[in-house]
Asks: 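Got a structure for you, questions after.
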Amino acid sequence: MELHEVSQDLFGPLAHLAGDWEGSDGTDFSFHHEEKVTGTTPYFEKVQLKPFGPVDNGQQHLYGLDYRMAAWRISELDDDPFHTEVGYWLYDPEAEFLTRCFMIPRGSVLIASAPVLKSATEFLLRAERGATTNGILSNPYLDANARSDSYEIKISLSPNGWSYESTTVLSMSVLDKPLHHTDRNSLTLTKG
């Protein structure tokens, strides 16, 4: 599907996200295993969102973006990315419902959704561990040592790009209280 075929009527707010994006203002607040402390890491990110659809689930018709993301610590731009994700952003134009589903290679899978109007320029998606919809799954090691209990991401669209802030609440075996792992970045279009 060509980018010029991505209409807001079918893709809702995802129409604004189709294309290749970059952002160098990323900040990651997380646990640093080497130092055994929490801290902030600046990062550079590339995101690729390719449109497809419709995908038909009986009477439901979804339009989506094939999603690929990679992030590098600013201090390690020549190395392999420290974080990657693959997945889909999906929109049901009839129900005006948006879903983000993705996997990270550490062994976690997540589906977060919410009702979102076609014209929305800001929206919030959530997921909870144990939910049969909008849920989080992890491999046994992560579930025992760095369990993801909840996730939310707030997306803000603007004429010049988009930004996000995501928070994953983790129960970590090395900490005595939940960790609010937060990532945020602003992205600009490099290829549309």
Side-chain angles (χ1 to χ4, degrees), residues 1-3 6 13-52 64-90 100-112 121-125 127 136-139 141-142 145-148 150-170 172-175 178-192:
M1 174 175 284
E2 298 295 323
L3 288 179
V6 179
L14 296 183
H16 183 78
L17 298 179
D20 293 354
W21 302 85
E22 289 184 1
S24 58
D25 295 328
T27 56
D28 168 64
F29 179 79
S30 61
F31 183 76
H32 296 195
H33 289 275
E34 300 79 27
E35 298 87 14
K36 304 205 181 322
V37 297
T38 57
T40 301
T41 302
Y43 65 89
F44 169 75
E45 172 178 9
K46 288 186 177 188
V47 178
Q48 190 175 59
L49 295 154
K50 293 182 180 180
F52 65 90
L65 301 173
D66 183 296
Y67 168 65
R68 304 281 183 266
M69 175 274 210
W72 294 261
R73 292 176 184 91
I74 295 294
S75 62
E76 301 172 358
L77 291 176
D78 294 332
D79 296 338
D80 290 333
F82 78 97
H83 183 80
T84 59
E85 298 173 1
V86 297
Y88 301 101
W89 291 76
L90 303 167
R100 179 180 183 219
C101 49
F102 66 96
M103 180 175 192
I104 61 171
R106 290 180 177 87
S108 292
V109 178
L110 189 142
I111 297 176
T121 58
E122 194 169 274
F123 51 90
L124 181 70
L125 307 177
I136 303 167
L137 292 173
S138 299
N139 72 37
Y141 176 85
L142 287 179
N145 294 286
R147 185 182 69 231
S148 295
S150 67
Y151 170 86
E152 71 176 34
I153 185 167
K154 180 180 178 182
I155 304 290
S156 299
L157 309 175
S158 72
N160 299 324
W162 60 286
S163 61
Y164 68 86
E165 181 170 326
S166 68
T167 300
T168 305
V169 178
L170 299 166
M172 299 187 67
S173 61
V174 296
L175 298 175
L179 172 68
H180 290 247
H181 178 140
T182 304
D183 293 304
R184 64 178 59 90
N185 206 351
S186 296
L187 300 142
T188 55
L189 190 66
T190 59
K191 180 181 174 189

Asks: Looking at Ile111, Val109, Val86, which hits side-chain contact (heavy atoms from CB on, under 4.5 Å) with Cys101?
Replies: Ile111
Asks: Please examine the side chains of Phe29 and Leu179, heavy atoms only from C-beta on, and report whether any two atoms are closer than 4.5 Å.
Replies: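 Yes - at least one pair of side-chain heavy atoms lies under 4.5 Å apart.
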Asks: Any heavy-atom pair between the side chains of Tyr67 and Arg100 that's under 4.5 Å?
Replies: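 In short, these two side chains touch, coming nearer than 4.5 Å.
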Asks: Can you name the closest pair of heavy atoms from Val169 and Pro178 and give their distance?
Replies: CG1-CB, 3.9 Å
Asks: With no hydrogens and no angle check, is any side-chain donor or acceptor of His16 less than 3.5 Å from a backbone partner on Gly161?
Replies: yes
Asks: Evaluate the side-chain proximity of Asp28 to Phe82: yes if any heavy-atom separation is below 4.5 Å, no if none is.
Replies: yes
Asks: Quick one: closest heavy-atom pair of Glu122 and Ser156, and the distance?
Replies: OE1-OG, 3.1 Å
Asks: If you measure from OG on Ser150 to NE2 on His180, what distance do you get to the nearest 0.5 Å?
Replies: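 These two atoms lie 7.0 Å from each other.
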Asks: So, Thr190 versus Asp20: side-chain donor-acceptor pair below 3.5 Å or not?
Replies: no
Asks: Are the side chains of Asn185 and Trp21 in touch, meaning some heavy atoms are under 4.5 Å apart?
Replies: no
Asks: So which atom in Ile74 and which in Leu77 form the shortest heavy-atom distance, rounded to 0.1 Å?
Replies: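 Where Ile74 meets Leu77 most closely, the heavy atoms are O-CG, 3.5 Å.
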Asks: What's the verdict on side-chain contact (heavy atoms from CB on, under 4.5 Å) for Lys36 and Phe31, showing C-alpha distance, side-chain angles and the deciding distance?
Replies: CA-CA 7 Å; Lys36 304 205 181 322; Phe31 183 76; 4.2 Å; yes
Asks: Side chains of Leu142 and Ser148: closer than 4.5 Å at any heavy-atom pair?
Replies: no
Asks: Are the side chains of Thr121 and Trp162 in contact, using a 4.5 Å heavy-atom criterion?
Replies: no
Asks: Say whether Glu152 and Thr167, considering side chains only, have a donor N or O and an acceptor N or O under 3.5 Å apart.
Replies: no
Asks: Does any non-hydrogen side-chain atom of Tyr164 lie less than 4.5 Å from one of Asp183?
Replies: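 Side chain of Asp183 against side chain of Tyr164, heavy atoms only: contact under 4.5 Å found.
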Asks: What is the distance from atom OG1 of Thr168 to atom OH of Tyr151, rounded to the nearest 0.5 Å?
Replies: 6.0 Å
Asks: Might you confirm whether atom OH of Tyr88 has over 12 heavy atoms from other residues, nucleotides or ligands at distances under 6.0 Å?
Replies: no
Asks: Is the shortest heavy-atom distance from the side chain of Leu157 to the side chain of Leu17 under 4.5 Å?
Replies: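 Yes; the side chains approach each other to less than 4.5 Å.
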Asks: Can you label the angle between the Trp72 ring and the Phe44 ring as parallel, tilted or perpendicular, going by 30° and 60°?
Replies: tilted
Asks: Can you name the one residue among Lys46, Gln48, Lys50 that meets side-chain contact (heavy atoms from CB on, under 4.5 Å) with Arg68?
Replies: Gln48
Asks: Tyr43 and Arg184: which non-hydrogen atoms are nearest, and at how many Å?
Replies: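 Taking Tyr43 first and Arg184 second, the nearest heavy atoms are OH-O, 3.3 Å.
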Asks: Show your reasoning for whether side-chain contact (heavy atoms from CB on, under 4.5 Å) applies to His181 and Met172.
Replies: CA-CA 11 Å; His181 178 140; Met172 299 187 67; over 6 Å; no
Asks: From Arg106 CZ over to Glu85 CD, what is the distance, rounded to the nearest 0.5 angstrom?
Replies: 9.5 Å
